[in-house]
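Order of the sequence lines fixes the chain letters, A, B, ..., with proteins taken first and strands second; residue numbering starts at 1 for each chain.
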2 protein chains.
Amino acid sequence: MSETRRRATRQGAAVDEALAAADGFLTAQALYDELRGRGDPIGLTTVYRHLRRLAEDGAVDVVTRPDGEAAYRLCGPASSGAPEQHHHHLVCRICGFSVEIEGPEVESWAHRVAADAGFTNVSHTLEIFGECSRHAGR
Amino acid sequence: MSETRRRATRQGAAVDEALAAADGFLTAQALYDELRGRGDPIGLTTVYRHLRRLAEDGAVDVVTRPDGEAAYRLCGPASSGAPEQHHHHLVCRICGFSVEIEGPEVESWAHRVAADAGFTNVSHTLEIFGECSRHAGR
DNA sequence: AGGGATATTGACAACGGTTGTCAGTAGCGT
DNA sequence: ACGCTACTGACAACCGTTGTCAATATCCCT
């Protein structure tokens, strides 16, 4: 019942801003460095808290890099309300640049395969990593 | 040049055995507990070392669970030399039971999507998690 | 067999990313 | 203004995993 009210803070705005300014996925650490670098004091804990909340609210996409670190990016070009449909990402492992990809075929394939094996309550993870054209020749 | 020779040890055999006995994916911790439980003293570090080496040798498959923990399983029914082709897994998030799945369509789809976006040096992660038939009604 | 070179072991510490703690601070409704 | 309380952030804890290094076990060689 008691929906606790949300407050606007300088740090929260800074996180939103930095995310909006980024053109790709950022790790919490990178975001933290970015903010401090631009003279915007913030605590690492606070960065994590905002990212976690944004992720829960579906405002940011989260991908888990091969090394296990999480990277975040504002969800969809226009995070205007609508709870973004299921999609995956093609992420540059060098600069974080990413492209959203949708693969209805893959989605249905995954569910079909799982169902055929008698699995229920199915979910899946799918990320594609590579090096974007900007880093072509190494 | 100098290929250092490998030695057979009780611990190494124990790890292989436990992996062979398991019918699904095991985390390093679970494997460690299993071995100690059956009165087979071993160090956690050693377990990790063997798993890492097995993974490097392609003798075990590794999946990263949604919570980030790694789980291991002997590769293919018969790990008879041949360097197993690329495949993915359908894993029960309750008991670790898993099924190997192959999706040529998905593989090519992933590469095509990446190539279309100008990405090179492409790799991808894909895991499907669910609850196997044994745990159907919760 | 015996012995020596060295791969392996394992208790322990360190690491890296992330989350919990909690007193202090700052937004917001009144 | 004032007070309630969400938010902040330095710090410690956590968890899976890897590094360290002296002690040990294995294997090759004679």
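Atom pair A:Asp33:CG and C:dG16:P shows a separation of 14 Å (rounding to whole Å applied). In this structure, A:Arg7 atom CZ and D:dT8 atom C1' are separated by 12 Å, rounded to whole Å. Computed from coordinates, the A:Leu44 CG to D:dG9 C1' distance equals 10 Å when rounded to whole Å. Look at OH on B:Tyr32: it is 7 Å from P on C:dA11, rounded to the nearest Å. What separates CD1 of A:Ile42 from P of C:dT25 is a distance of 18 Å, to the nearest Å. Atoms CG (B:Leu31) and P (D:dT17) sit 12 Å apart, rounded to a whole Å. Here C:dT18 presents its C1' atom at 16 Å from NE2 of A:His50, a figure rounded to the nearest Å. Here the P atom of nucleotide D:dC15 and the CG atom of A:Asp67 are 21 Å apart, to the nearest Å.
Within 3.5 Å, no donor on the side chain of A:Arg49 pairs with an acceptor on the base of C:dT19, nor the reverse. No hydrogens or angles were tested; on distance alone, a donor-acceptor pair under 3.5 Å links the side chain of B:Thr45 to the base of C:dC12.
Counting any heavy atom pair closer than 4.0 Å across all strands shown, A:Thr9 reaches sugar-phosphate atoms only and no base atom. Using a 4.0 Å heavy-atom cutoff across all strands shown, B:Arg53 reaches sugar-phosphate atoms only and no base atom. Among the heavy atoms of the strands lying under 4.0 Å from A:Arg5 are primed sugar atoms or P, OP1, OP2 only; no base atom is included. Here A:Arg6 lies in heavy-atom contact (under 4.0 Å) with sugar-phosphate atoms only.
Note on A:Arg73 versus A:Glu100: salt bridge recorded, some NZ/NE/NH1/NH2 to OD/OE distance being below 4.0 Å.
Looking at heavy atoms from C-beta onward, B:Val47 lies out of side-chain contact with B:Gln29 at the 4.5 angstrom threshold.
Between A:Gln11 and D:dG9, a side-chain N or O to OP1/OP2 separation shorter than 4.0 Å is present.
Looking at A:Thr27 and A:Arg65, their side chains never bring a donor and an acceptor atom within 3.5 Å of each other.
Listed nucleotides: C:dA5, C:dC28, D:dG16. Nearest to the side chain of B:Tyr48: D:dG16.
Taking the six-membered ring where tryptophan is involved, the planes of B:His86 and B:His124 are perpendicular, since the angle between them exceeds 60° and thus also 30°.
Screening residues 43-54 of chain A for salt bridge (charged side-chain N to carboxylate O under 4.0 Å, His left out), with sequence neighbours left out, gives no hits.
If you find the closest nucleotide of DNA chain D to B:Arg52 and to A:Arg36, the one lying nearer the 5' end belongs to A:Arg36.
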